[in-house]
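One structure is given here, and the rest of the page talks about it.
Every heavy atom of this structure was used, including side-chain atoms; hydrogens, water molecules and symmetry mates were not.
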Amino acid sequence: MEIYPFKNFQLILLKFIWEKLKPSSLGHRIRFIKSLFRWAQDENLINGNPASKIKEQKLELRVPKYLSKEEIEHLREACHTTFENALFEFMYSTGCRIGEAITIDRTSINFSNQSTIVLGKGCKEREEYFNTRCEIWLKRYLSERKDHEEALFVTTRAPPSNEYFSSEKRYKTASKENGH
């Protein structure tokens, strides 16, 4: 049983290319289509997989962007509260993404060896280490907190929450204020 004519499938791919999608976006769509046809073949809805021979474009390797020492100092200066300082130092010393940092619980911080367990992409756990400056700010921040929330980083609103967008907005604002 043929549920999707191959010619229409080719036209859809051409439409994606004509839309001038970035190679990464085109790759996502190609993987989706290949997955759909693989599923249809596994369910015996089609004979053969017309998408199996489609190749994705190779993505060019980009040099990662990093902050200069001066930019880091500007961000440090833009931190006005112990929360902002603790979060910045934690992210800087561990290399954690902001979405990872706000999911960490107080109990997962190990001050004796300056480490924590982080739940990263793909729900994979990894151990991250932080420096002494970060430890000082974390302890100062935790000593000022009056709530009993499990989360390490919480907002000052009532009830406290560990909002990703609130934290991200603070650092974007600080970065813009310092001309970056």
By side chain to side chain contact (heavy atoms under 4.5 Å, CB included), which residues pair with [X], not counting sequence neighbours?
X	value
L142	R106, F111, R145, L152
T107	D105, E150
S93	F130, N131, C134

Can you see which heavy atom on [X] is nearest to which on [Y], and at what distance?
X	Y	answer
T116	F90	CG2-CZ, 3.7 Å
E84	A78	OE1-O, 4.0 Å
A101	M91	CB-CG, 4.1 Å

Backbone of S68 reached by a side-chain donor or acceptor of E71 within 3.5 Å: yes
Salt bridge R126-E128, side-chain N to carboxylate O under 4.0 Å: yes
Ionic contact status for R140 with E144, cut-off 4.0 Å: no
Heavy-atom side-chain contact between N85 and Y141 under 4.5 Å: no
Sub-4.5 Å side-chain heavy-atom contact between N113 and E127: yes
In one Ile/Leu/Val/Met/Phe/Trp/Tyr side-chain cluster, 4.5 Å: I46, F32: yes
I109 reachable from W137 in the ILVMFWY side-chain graph, under 4.5 Å edges: no
Selection residues 38-48 - residue pairs positive for salt bridge (charged side-chain N to carboxylate O under 4.0 Å, His left out), sequence neighbours left out: none
Verdict with reasoning, F153 to L138, per side-chain contact (heavy atoms from CB on, under 4.5 Å): CA-CA 10 Å; F153 295 108; L138 284 174; 3.8 Å; yes
Steps toward side-chain contact (heavy atoms from CB on, under 4.5 Å) verdict (L75, Y92): CA-CA 10 Å; L75 285 172; Y92 177 62; over 6 Å; no
Separation between CD of E135 and CD of Q114, rounded to the nearest 0.5 Å: 4.5 Å
Rounded distance [0.5 Å steps], CD1 in I33 versus CG in N49: 11.0 Å
Partner set under salt bridge (Lys or Arg N to Asp or Glu O under 4.0 Å) for R31, not counting sequence neighbours: E56
Counterpart residues, salt bridge (Lys or Arg N to Asp or Glu O under 4.0 Å), relative to E73 (two or more places apart): R76
side-chain contact (heavy atoms from CB on, under 4.5 Å) between T94 and Y129, intermediate numbers included: CA-CA 6 Å; T94 62; Y129 296 91; over 6 Å; no
